[in-house]
A.B. asks: 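My structure is below; once you've seen it, I'll send some questions.
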Amino acid sequence: MEQSAGQSAGQGANFIEEIISAHVAAGRPRVVTRFPPEPNGYLHLGHAKSICLNFGLALKFSGAVPTQCNLRLDDTNPAAEEDEFVQSIKEDVRWLGFDWGEGLYFASDYFEQLFEFAVRLIRDGKAYVDSQTPEQMKATRGDFHTPGVNSPFRDRSVEENLDLFGRMQAGEFEHGAHVLRAKIDMASPNINFRDPPIYRILHADHHRTGSKWRVYPMYDFAHGLSDAIEGVTHSICTLEFEDHRPLYDWFLEALGFEEGARPHQYEFSRLNITYTVLSKRRLQRLVYEGHVESWDDPRMPTIAGMRRRGYPPAALRHFCERAGVTKNNTLMDVGHLEHALRETLNATCRRAMAVLRPLKVVVENLPEGHVEWLEAPFYPAEEEGALDLGARRVPFTRELYIEREDFMEVPAKKWFRLSVGAEVRLRYACLLTCHAVVKDEGGEVVELRCTWDPASKGGTPADGRKVKGTLHWVSATHGARADVLLYDRLFSAPSPGEGKGDFLEDLNPSSLEAVSAVLEPALLDVPPGEVVQFERLGYFCADVKRSAPGAPSFHRTIGLKDSWAKVAQG
RNA sequence: UCGGGAAUCGUCCAAUGGUAGGACAGCGGAUUUUGGUUCCGUCAAUCUAGGUUCGAUUCCUAGUUCCCGAGCCA
C-alpha cells in the first residue's frame, strides 16, 4: 500500500486513481469511498477486488487529504438477507487486512430518511403510486425497440399518492398491489428511466428493523442516497450499473443535492477467472444443491473458502493489485492467482516431509530397530545471510516410505529418481541405491530392497559424486498415518457452462481426492490454519475444521510447479 | 441492431502525438540436497479500412467484433 500519496497518480495508475488525483489536485477536501455488499451470501474473489480497490483508494490518498472507506451493508431486501452473512462479511473484510474505522453502516440505518425523501418526491410531483399489476407494468414498459406507455395511474394527485404510500407502509395492501414509481420518462431509450419502481410492499421482517417497515426502497433509489448521506465522494461499482448512472444522478438532483458536493458513480469491469465461477447465483447453487460442503468449502472461490484452503490474505491482495482496474471485459487465467499464491507461500511456509502414496523401502545394511535422529532445517537456505528459522529432527530407520511415483521399474528417459540399480539422495539423510523389488501376487511392486552409503550421511557423499535425484521420505516406524485431502480445481472447463445448458456440467469430478499419507513426526505439531510445504509436493494446510489437538488434518492448498510432469508428457 | 460500454503479446495491465513496456504463461540456459526457489535469456500484440501529421496505440471518419440493459434483485 505504498505509493506516492496520490498527489499525482503517476505511471501505471488506474483510471479511477487518475480521476481522484485530478479531483484532489483541483482542491477536493476529502476522498470517501465505500464497499457496499448485500448481506445475502458470502463474499468471493470478485468482492475481494472491490474491497482492495475501495479500501486501497482511501489508503493511497490518505497522505493528500482526509480519506475514509465505509463498509455499508446494502440490506434493502429483507427477503434474502440474513445476519449470518453480515458477520461473515465483516470477518472477511477484516481478514483481508482492511479497516472501516467508524464507518460501519447499513442501508437500513437510513430507512427513515429514505422514506422522507420518497415523500418529498411525491410532493414535488416526481413520484407516484402505480396500481398496475406486475404483468401490466412489464407489458407497458416497452422493450429495446419500442417506447413504454404511461400508466393510467401516473397522474394521481399528490394527496392521493401520499395517502396510498402511507397506507402501503401501514400494511394495508398485499405485496404487488401497489408500487411507488419515480415519474421520469416512459419513452426514454434508457429503460432505467421508464418510471423505475423505488418502493415496493414487502411483508417481510428485516434482520435489523424487525417488523417496522412494510415498504422497502429499491436499489436505484437507496444506493445513491445512502452514498450522499454518508458523504461518499467516489461511488465505485461494476460495469453492469453503467446505465443506472443517469438514474443515480437523477435522484440526487431531484432531491437537491448540489453538484460539486454530491457523490458520483464510477464503474470498472468485474473479475472473471478461468476454471471458476464468480457469480452469487452460481455460488449459491453450488452450496444449496450440495456440490460442495459449505460456503467455506476449500474449493470455493469465496473469501471464506480461500482462507480455509490456506490462502494468505497477502496473496489475494497481490493478485487483485496485479489484476488491475479497467473497463475491459476480461477472463483472467487462473495461473495469475496460483502464482500469487505460490509466491506468498514460498516466502513464508515451513518445510517438512510427508509421503502421499507410500511405497516401502527396506535399507538392508541398517540394523533392525536402528533409529537415528537427523537434523533438518524448517526453511531452505536460499541466500547467504538468510535467517535460520529453526530446525526439527527426523527419524531415520531401516524401514522407510518413499513416494510411489518416485520409483519406476522401467525408467523413462531423463528419469533421475529411483529404479533398480539407480542411486538417489534421501533428503537430509544419505545416498541410497536400490537393488531389488518385491512384488505381490498381482505383480505390483510393494517393497524396494536398498542399501545406503554411510559415508554420505546428511546427504553429501564423501567422494563428492553427483546425484541428480533427491527424494522426500518418512520413517515407516515413526511416521504417522493420516488422511490428506487433495483439492483440485472445481471445474474442468475454462469457462464453466459456456456452450452448455448448465455450468454444473463442467464440475470437475475429481476436485477432491483423499489419500492415506504418512507424515513425519514434526507435522503433528502444526496448528490449525497453518500452511506447511510438504517438500517436493506442495503446500498443505492444517484444516481449521477437521483438525484436532495434536492431530492436524491436512489438505493441499496448491501443488508445487512440476516441470517433470511436462518432461514426462513428452 | 434502441441505449450504454470495451477493443494492445496466449492472459492481465502500461504507454495520453515521438524507440510499443511490465507481469503471468510458454520456450531455452545457469544455479540447486525440493525436477521447488532464484538468476539470465527468448518468443509474442496495437480489431479493420481510410484520413490528419515529419511522425498515430494515441486525434478524425466509417466499419467490425465482444460485453451490459426490458426484477416490485442488487
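Order of the sequence lines sets the chain letters (A, B, ...), proteins ahead of strands, with each chain counted from 1. Owing to the predicted nature of the structure, the values given are computational and were not obtained by experimental measurement.
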A.B. asks: If you look at every strand shown and take non-hydrogen atoms under 4.0 Å, does A:Lys468 touch a base, only sugar-phosphate, or nothing?
C.D. replies: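 No contact.
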A.B. asks: Side-chain donor or acceptor of A:Arg342 under 3.5 Å from a matching atom on the base of B:rU37?
C.D. replies: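 Per atom types, no contact qualifies.
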A.B. asks: Classify A:Glu535 by what it touches in the nucleic acid, base, sugar-phosphate, or nothing, heavy-atom distance under 4.0 Å.
C.D. replies: base
A.B. asks: In whole Å, what is the span from the CG atom of A:Asp406 to the C1' atom of B:rG36?
C.D. replies: 14 Å
A.B. asks: Any idea which of B:rU1, B:rG35, B:rA74 is nearest the A:His145 side chain?
C.D. replies: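 Of the candidates, B:rU1 comes closest.
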A.B. asks: Check the distance between B:rA25's P and A:Leu337's CG and give it to me in whole angstrom.
C.D. replies: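 To the nearest whole Å, that distance equals 12 Å.
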A.B. asks: Kindly state whether the ring of A:Phe241 and the ring of A:Tyr248 have centres lying under 6.0 angstrom apart.
C.D. replies: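 That pair fails the under 6.0 Å test.
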A.B. asks: By the 4.0 Å heavy-atom rule, please label A:Met137 as base, sugar-phosphate, or nothing.
C.D. replies: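 Here A:Met137 touches the bases of the nucleic acid.
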A.B. asks: A:Tyr275 OH to B:rG10 C1': how many Å, rounded?
C.D. replies: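 Distance, rounded to whole Å: 12 Å.
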A.B. asks: Is B:rG71 in the syn or the anti form, by the rule that syn lies within 90° of 0?
C.D. replies: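 Base orientation relative to the sugar is syn.
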A.B. asks: Toward the 5' end of RNA chain B, which comes first, A:Asn329 or A:Asp75, by nearest nucleotide?
C.D. replies: A:Asn329
A.B. asks: Could you write out RNA chain B as dot-bracket? Rules: Watson-Crick or G-U wobble, both distances under 3.5 Å, brackets [ ] for crossings, | for pairs with another strand, dot for unpaired.
C.D. replies: .((((((..((((....[..)))).(((((.......)))))....(((((..]....))))))))))).....
A.B. asks: What is the separation between atom NZ on A:Lys561 and atom C1' on B:rG35, rounded to the nearest whole Å?
C.D. replies: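 In whole Å, B:rG35 C1' and A:Lys561 NZ are 12 Å from each other.
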A.B. asks: Is it the case that the base of B:rG35 and the side chain of A:Arg417 share a donor-acceptor contact (distance under 3.5 Å, atom types as modelled)?
C.D. replies: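 Indeed there is one.
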A.B. asks: Base, sugar-phosphate alone, or nothing: which one does A:Phe416 contact when heavy atoms must sit under 4.0 Å apart?
C.D. replies: base
A.B. asks: Looking at every strand, decide which applies to A:Asn77 at a 4.0 Å heavy-atom threshold: base, sugar-phosphate, or nothing.
C.D. replies: sugar-phosphate
A.B. asks: Using a heavy-atom cut-off of 4.0 Å across all strands, would you classify A:Arg427 as base, sugar-phosphate, or nothing?
C.D. replies: base
A.B. asks: Under 4.0 Å between any heavy atoms, over every strand shown, what does A:Lys138 touch: base, sugar-phosphate, or nothing? Just pick one.
C.D. replies: sugar-phosphate
A.B. asks: Does the cation-pi check pass for A:Arg156 over A:Tyr128, that is, NZ or CZ under 6.0 Å from the six-membered ring centre and within 45° of its axis?
C.D. replies: no
A.B. asks: Kindly indicate whether the side chain of A:Asp243 and the base of B:rG3 share any N or O donor-acceptor pair separated by less than 3.5 Å?
C.D. replies: yes
A.B. asks: How long is the straight-line distance from CG of A:Asp205 back to CH2 of A:Trp213, given to the nearest 0.5 Å?
C.D. replies: 14.0 Å
A.B. asks: Within the 4.0 Å heavy-atom criterion, would you say A:Tyr216 contacts the bases, only the backbone, or no part of the nucleic acid?
C.D. replies: nothing
A.B. asks: What is the nucleic acid contact for A:Gln533, judged by heavy atoms within less than 4.0 Å: base, sugar-phosphate only, or nothing?
C.D. replies: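 It contacts base atoms.
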A.B. asks: Pick base, sugar-phosphate or nothing for A:His223, based on heavy-atom distances below 4.0 Å to the nucleic acid.
C.D. replies: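 Contact class for A:His223: none.
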A.B. asks: Among B:rU1, B:rC13, B:rA74, find the nucleotide with the atom closest to the side chain of A:Thr326.
C.D. replies: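 Side chain of A:Thr326 sits closest to B:rC13.
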A.B. asks: Going by centres under 5.5 angstrom and planes under 30 degrees, do the aromatic ring of A:Phe144 and the base ring of B:rG3 stack?
C.D. replies: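 By the stated criterion, A:Phe144 and B:rG3 do not stack.
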A.B. asks: Rounded to whole angstrom units, what separation is found between the CG atom of A:Asn328 and the P atom of B:rC13?
C.D. replies: 5 Å
A.B. asks: Indicate, with a heavy-atom threshold strictly under 4.0 Å, whether A:Gln132 touches base, sugar-phosphate, or nothing.
C.D. replies: base
A.B. asks: Does anything in residues 335-344 of chain A pair up under side chain to side chain donor-acceptor pair (under 3.5 Å), and if so which pairs, sequence neighbours excluded?
C.D. replies: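 Of all non-adjacent pairs touching residues 335-344 of chain A, those that pass side chain to side chain donor-acceptor pair (under 3.5 Å) are A:Arg322-A:Glu343.
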A.B. asks: Could you walk me through whether A:Gln169 and A:Tyr199 satisfy the side-chain hydrogen bond (donor to acceptor under 3.5 Å, both in side chains) test, starting with their C-alpha distance in whole Å, then the side-chain angles of each, then the deciding distance to 0.1 Å, before giving a yes or no?
C.D. replies: CA-CA 10 Å; A:Gln169 158 58 9; A:Tyr199 261 94; over 6 Å; no
A.B. asks: Distance only, no hydrogens: is a donor on one side chain within 3.5 Å (strictly under) of an acceptor on the other, for A:Gln533 and A:Tyr379?
C.D. replies: no
A.B. asks: Let me know the distance between CG of A:Asp195 and C1' of B:rA70, rounded to the nearest Å.
C.D. replies: 14 Å
A.B. asks: Name the nucleic acid region contacted by A:Pro134, choosing base, sugar-phosphate or nothing; use a 4.0 angstrom heavy-atom cut-off, strictly under.
C.D. replies: base
A.B. asks: Between A:His336 (NE2) and B:rG26 (P), how many Å, whole number?
C.D. replies: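 Going from NE2 in A:His336 over to P in B:rG26 covers 11 Å.
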A.B. asks: Is there a donor-acceptor contact under 3.5 Å from the side chain of A:Arg270 to the main chain of A:Thr238?
C.D. replies: no
A.B. asks: For B:rU11 and A:Thr274 - does any side-chain N or O of the residue sit under 4.0 Å from the phosphate oxygens OP1/OP2?
C.D. replies: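 Looking at the OP1 and OP2 atoms of B:rU11, neither is under 4.0 Å from any side-chain N or O of A:Thr274.
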A.B. asks: Decide, yes or no, whether a salt bridge links A:Asp83 with A:Arg208 under the criterion of side-chain N to carboxylate O below 4.0 Å.
C.D. replies: no
A.B. asks: Check RNA chain B against residues 166-189 of chain A and give the residues with a non-hydrogen atom under 4.0 Å, in numerical order.
C.D. replies: A:His175, A:Gly176, A:Pro189
